[in-house]
Amino acid sequence: MVVMIKVIVAGFKGRMGKTTVQMVNENQDFELAAVYDPRATESNLNEINEYQALDVPVYSELQQIKSAGLDVWVDFTSPASVFANVKFALEQRISPVIGTTGLTDEQVGELQRLAKEKKVGGLIAPNFGISAVLLMQFAQQAAKYLPDVEIIEMHHNNKLDAPSGTALNTAKMIAKVRKEKVQGNPDEKETLPGARGADYQGMKIHSVRLPGYVAHEQVLFGGLGEALTIRQDSFDRISFMSGVAVAISKIKNYDELFVGLEHIL
Ligand SMILES: NC(=O)C1=CN([C@@H]2O[C@H](COP(=O)(O)OP(=O)(O)OC[C@H]3O[C@@H](n4cnc5c(N)ncnc54)[C@H](OP(=O)(O)O)[C@@H]3O)[C@@H](O)[C@H]2O)C=CC1
Ligand SMILES: O=C(O)C1=N[C@H](C(=O)O)C[C@H](O)C1
């Protein structure tokens with residue numbers, strides 16, 4: 001008998017949540033066992049027009065989830081809610097697969113300690129798209145030779161957090177291989193505040209928000225008489241789904257919480 005992985009999708013009404021519900025439902029190895037949103041008024045997905053054929057419980061309170069026998073908690077919610085959701089999942093020994101951005105370093109540390117204590121596998125992926133995972137790795141490699149770098153991330157205009165989780169993670173990965181340095185003219189002055197962007201250990205990060213965009217990033221390196229630009233584009237949220245599927249399939253095999261899809265590929 002094939003045992004399917006029982007998945008709950010938190011944030012199921014959102015842009016990523018909807019795409020994930022469809023992917024999980026269509027994957028023969030996964031069972032869409034529940035969905036969660038504290039503001040949901042439905043008790044079953046079949047009450048929603050587009051999901052009439054699906055008999056899946058909708059939970060709006062964490063207490064309802066305790067006895068649901070779930071394997072994996074996929075979280076695409078909001079920076080304000082992800083920590084409490086993931087803490088709950090780990091306490092219930094449900095493996096979290098987290099796409100939501102905005103967790104602080106302290107929160108990540110606390111969740112990693114809890115995962116170890118509970119011996120539960122989990123993943124925080126700043127980006128589930130393979131093009132973004134590769135961009136971050138290539139950028140880290142390039143920064144060893146070209147340490148002057150600026151990051152431009154471009155997203156749809158409904159995004160809540162800035163900079164994007166991917167841009168911040170790119171900067172953190174680069175910071176591991178280069179010394180902190182001041183870039184640009186040490187005497188430069190912003191005549192319009194914010195003109196030089198945000199600063200992460202001397203790296204400038206610029207956030208663009210425009211309708212029509214989905215998720216895009218450029219990492220620009222400058223050297224003596226030369227430059228390198230690395231760019232990735234997610235034109236559609238489907239680009240994140242193969243990464244989410246891999247994470248759901250594998251995450252139960254681990255007993256710690258990783259940051260970065262590359263750790264389980
Ligand atoms: N790692 C990756 O590859 C990717 C990550 N993301 C990240 O995923 C997150 C979600 O993005 P997106 O789908 O565009 O955002 P949306 O705003 O479209 O969706 C978020 C959903 O979560 C719901 N929600 C809010 N609070 C809770 C809660 N406590 N529990 C469950 N659900 C809740 C919201 O409901 P309501 O509107 O009622 O508040 C909303 O339906 C963001 O942090 C984004 O950066 C996005 C794309 C890819
Ligand atoms: O909000 C989004 O859309 C995205 N969020 C993630 C991020 O902040 O990096 C991943 C991707 O860029 C899409």
Side-chain angles (χ1 to χ4, degrees), residues 8-23 34-42 48 58-65 73-89 94 96-104 107-108 122-136 151-173 198 205 207-219 231-248 258-262 264:
I8 182 167
V9 178
F12 73 101
K13 291 187 180 184
R15 288 173 288 270
M16 284 300 290
K18 278 186 194 161
T19 317
T20 306
V21 161
Q22 188 181 346
M23 181 277 287
V35 293
Y36 171 63
D37 183 329
R39 278 174 286 277
T41 50
E42 306 82 4
I48 299 172
V58 174
Y59 296 128
S60 54
E61 283 174 32
L62 292 175
Q63 294 310 313
Q64 299 170 302
I65 300 170
W73 176 295
V74 179
D75 201 287
F76 284 111
T77 60
S78 71
S81 51
V82 56
F83 179 73
N85 282 357
V86 175
K87 197 166 176 217
F88 172 83
I94 304 170
V97 167
I98 307 153
T100 315
T101 46
L103 283 166
T104 64
Q107 288 175 325
V108 172
L123 175 70
I124 299 170
N127 200 309
F128 283 103
I130 192 68
S131 61
V133 171
L134 290 172
L135 167 137
M136 288 185 267
I151 299 169
I152 307 174
E153 54 95 342
M154 296 147 278
H155 279 82
H156 57 94
N157 57 344
N158 290 307
K159 186 163 176 59
L160 289 174
D161 55 322
S164 70
T166 312
L168 195 53
N169 200 58
T170 308
K172 285 179 181 171
M173 284 176 67
I205 307 181
S207 297
V208 175
R209 298 291 176 264
L210 284 171
Y213 280 58
V214 178
H216 319 260
E217 183 170 311
Q218 279 187 185
V219 188
R231 179 176 174 126
Q232 72 79 219
D233 297 275
S234 274
F235 298 112
D236 190 298
R237 291 183 177 82
I238 193 77
S239 60
F240 305 114
M241 287 302 119
S242 56
V244 177
V246 169
I248 294 172
F258 299 103
V259 179
L261 183 66
E262 61 277 16
I264 65 160

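Remember, it's a predicted structure, so these values are computed and weren't measured experimentally. Both counts, for ligands and for their atoms, begin at 1 and track the order of listing.
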Could you tell me, atom by atom, which parts of ligand 1 come under 4.0 Å of a heavy atom of G11? 21 (C), 22 (O), 23 (C), 31 (C), 32 (N)

Just jot down the ligand 1 atoms closer than 4.0 angstrom to any heavy atom of K159, in number order. 45 (O)

For atom 43 (O) of ligand 1, which of the options T166, V35, T101, T20 provides the nearest non-hydrogen atom? T101

Given Y36, which partner from the list W73, F12, F76 fulfils the ring-ring contact (aromatic ring centres under 6.0 Å, His included) test? W73

Which atoms of ligand 1 have any heavy atom of N127 under 4.0 Å away? 1 (N), 2 (C), 3 (O)

Suppose we measure from atom 27 (C) of ligand 1 to each protein heavy atom; which comes out shortest, and what is that distance? S81 OG, 3.6 Å

Closest to atom 33 (C) of ligand 1 among T19, D161, V9, T77 (heavy-atom distance): T77

Could you check whether atom NZ of K159 has more than 12 heavy atoms from other residues, nucleotides or ligands sitting under 6.0 Å from it? yes

Minimum heavy-atom separation for E217 to V219, with atom names? OE2-CG2, 3.7 Å

Step through the shown structure and confirm whether more than 12 heavy atoms of other residues, nucleotides or ligands are within 6.0 Å of CG on L134. yes

Pick from G129, P38, A10: the one approaching atom 30 (N) of ligand 1 most closely through a non-hydrogen atom: P38

Selected option - heavy-atom contact closest to atom 1 (N) of ligand 1, from P79, A40, S239, A125: A125

Polar pairs, ligand 2 vs protein, N/O only, below 3.5 Å.
{"residue": "ligand 2", "atom": "1 (O)", "partner": "K159", "partner atom": "NZ", "Å": "2.9"}
{"residue": "ligand 2", "atom": "3 (O)", "partner": "H156", "partner atom": "NE2", "Å": "2.9"}
{"residue": "ligand 2", "atom": "5 (N)", "partner": "K159", "partner atom": "NZ", "Å": "3.1"}
{"residue": "ligand 2", "atom": "8 (O)", "partner": "K159", "partner atom": "NZ", "Å": "2.7"}
{"residue": "ligand 2", "atom": "8 (O)", "partner": "G165", "partner atom": "N", "Å": "2.8"}
{"residue": "ligand 2", "atom": "9 (O)", "partner": "G165", "partner atom": "N", "Å": "3.2"}
{"residue": "ligand 2", "atom": "9 (O)", "partner": "T166", "partner atom": "N", "Å": "2.8"}
{"residue": "ligand 2", "atom": "9 (O)", "partner": "T166", "partner atom": "OG1", "Å": "2.5"}
{"residue": "ligand 2", "atom": "12 (O)", "partner": "H155", "partner atom": "NE2", "Å": "2.6"}

Residues H216 and Q218: side-chain donor-acceptor under 3.5 angstrom: no

Could you list all the side chain to side chain donor-acceptor pair (under 3.5 Å) pairs where at least one residue sits in residues 126-135, not counting sequence neighbours? N127-T166, S131-Q232

F128, portion touching ligand 1 at heavy-atom distance under 4.0 Å: both

Out of M241, R39, R15, who gets a non-hydrogen atom closest to atom 39 (O) of ligand 1? R39

Tell me which one of M16, H156, H155, K13 gets a heavy atom nearest to atom 46 (C) of ligand 1. M16

Heavy-atom proximity to atom 5 (C) of ligand 1 ranks first, among G102, P126, G99, S78, for G99

For a quick test of reading the model, state the closest non-hydrogen atom pair linking G102 to D161 and the distance between them. N-OD2, 4.3 Å

Considering only non-hydrogen protein atoms, determine which one is nearest to atom 41 (O) of ligand 1 and report residue, atom name and distance to 0.1 Å. G14 N, 3.3 Å

Considering non-hydrogen atoms only, spot the tightest contact between M154 and R231 and give its length. CE-NH1, 4.1 Å

Which ligand 1 atoms does Y36 reach within 4.0 Å, using its non-hydrogen atoms? 30 (N), 31 (C), 32 (N)

